[in-house]
Amino acid sequence: MKPKTIFIIILSVLLTIILMKNTHEIRFWFFGDVNVMLLAILGIFFAVGLFFGYLMGRPSKKEIPMEVFSEESESFNDHDRREPEQGNKKYLSDEDRDYIN
């Protein structure tokens with residue numbers, strides 16, 4: 001079995017145990033006091049957490065317009081035409097390079 005599968009199984013078992021041990025009713029404030037099973041509250045908040053975790057964890061689908069890379073673009077200037085220097089300092093000015101060192 002893959003580690004991801006084992007992790008999902010363990011998480012599911014733990015979630016089931018936690019939810020089944022908390023079936024009593026509680027007083028929950030949702031714009032007024034409401035008696036709700038703790039099981040429902042925990043399940044709802046777990047589902048909301050999964051949803052927002054999925055939204056935050058997925059890669060963005062932003063596309064960079066090709067005009068940014070074309071030489072005719074207004075943002076393409078002489079600084080971009082220079083040959084890149086070696087290392088992580090390839091786009092630093094001499095003043096910046098001196099400050100870092």
Side-chain angles (χ1 to χ4, degrees):
M1 285 181 128
K2 294 181 181 179
K4 183 178 179 180
T5 306
I6 294 171
F7 176 74
I8 291 172
I9 290 171
I10 291 172
L11 184 64
S12 299
V13 169
L14 288 175
L15 178 66
T16 303
I17 291 170
I18 290 170
L19 290 177
M20 291 300 116
K21 290 290 183 179
N22 292 296
T23 57
H24 56 279
E25 282 193 357
I26 61 168
R27 184 183 234 152
F28 186 75
W29 185 88
F30 186 72
F31 299 106
D33 288 335
V34 178
N35 288 334
V36 181
M37 289 181 58
L38 184 57
L39 171 68
I41 299 297
L42 290 174
I44 289 170
F45 279 103
F46 182 75
V48 169
L50 283 177
F51 175 73
F52 282 112
Y54 170 75
L55 287 180
M56 300 304 281
R58 68 182 179 162
S60 63
K61 296 180 181 178
K62 294 181 183 176
E63 293 185 23
I64 300 173
M66 288 308 294
E67 301 89 50
V68 172
F69 299 111
S70 68
E71 291 189 26
E72 295 82 25
S73 173
E74 296 175 11
S75 64
F76 192 84
N77 57 30
D78 290 334
H79 176 72
D80 295 331
R81 294 175 197 237
R82 290 191 303 179
E83 290 293 320
E85 298 170 16
Q86 293 178 332
N88 293 333
K89 303 173 186 175
K90 61 182 178 180
Y91 296 111
L92 296 176
S93 67
D94 292 334
E95 182 181 321
D96 292 337
R97 223 175 274 110
D98 290 339
Y99 178 78
I100 291 173
N101 294 328

With sequence neighbours excluded, tell me which residues meet side chain to side chain contact (heavy atoms under 4.5 Å, CB included) with Leu14.
->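 Residues passing side chain to side chain contact (heavy atoms under 4.5 Å, CB included) with Leu14: Ile10.
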Are Ile44 and Phe51 connected in the hydrophobic side-chain network, where two residues link if heavy atoms are under 4.5 Å apart?
->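 They do share one cluster, since a chain of ILVMFWY contacts under 4.5 Å joins Ile44 to Phe51.
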Do Val48 and Met56 share a hydrophobic cluster (ILVMFWY, side-chain heavy atoms under 4.5 Å, transitive)?
->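 Looking at the clustering, Met56 is in a separate group from Val48.
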[atom1]/[X] to [atom2]/[Y] distance, rounded to the nearest 0.5 angstrom?
| X | Y | atom1 | atom2 | answer |
| --- | --- | --- | --- | --- |
| Leu50 | Leu15 | CG | CG | 8.5 Å |
| Glu95 | Ile100 | CD | CD1 | 11.0 Å |
| Thr16 | Leu11 | OG1 | CG | 9.0 Å |
| Leu38 | Leu42 | CG | CG | 4.0 Å |
| Ile8 | Lys2 | CD1 | NZ | 10.5 Å |
| Glu25 | Asn35 | CD | CG | 5.5 Å |

For Ser12, side chain to side chain donor-acceptor pair (under 3.5 Å) partners two or more places apart =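 With sequence neighbours excluded, Ser12 shows a side chain to side chain donor-acceptor pair (under 3.5 Å) to no residue whatsoever.
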Show your working on side-chain contact (heavy atoms from CB on, under 4.5 Å) between Leu39 and Met20 and close with a plain yes or no.
-> CA-CA 7 Å; Leu39 171 68; Met20 291 300 116; 4.1 Å; yes
Trp29 vs Val34 side-chain heavy atoms within contact, under 4.5 Å =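 No; the side chains remain at least 4.5 Å from each other.
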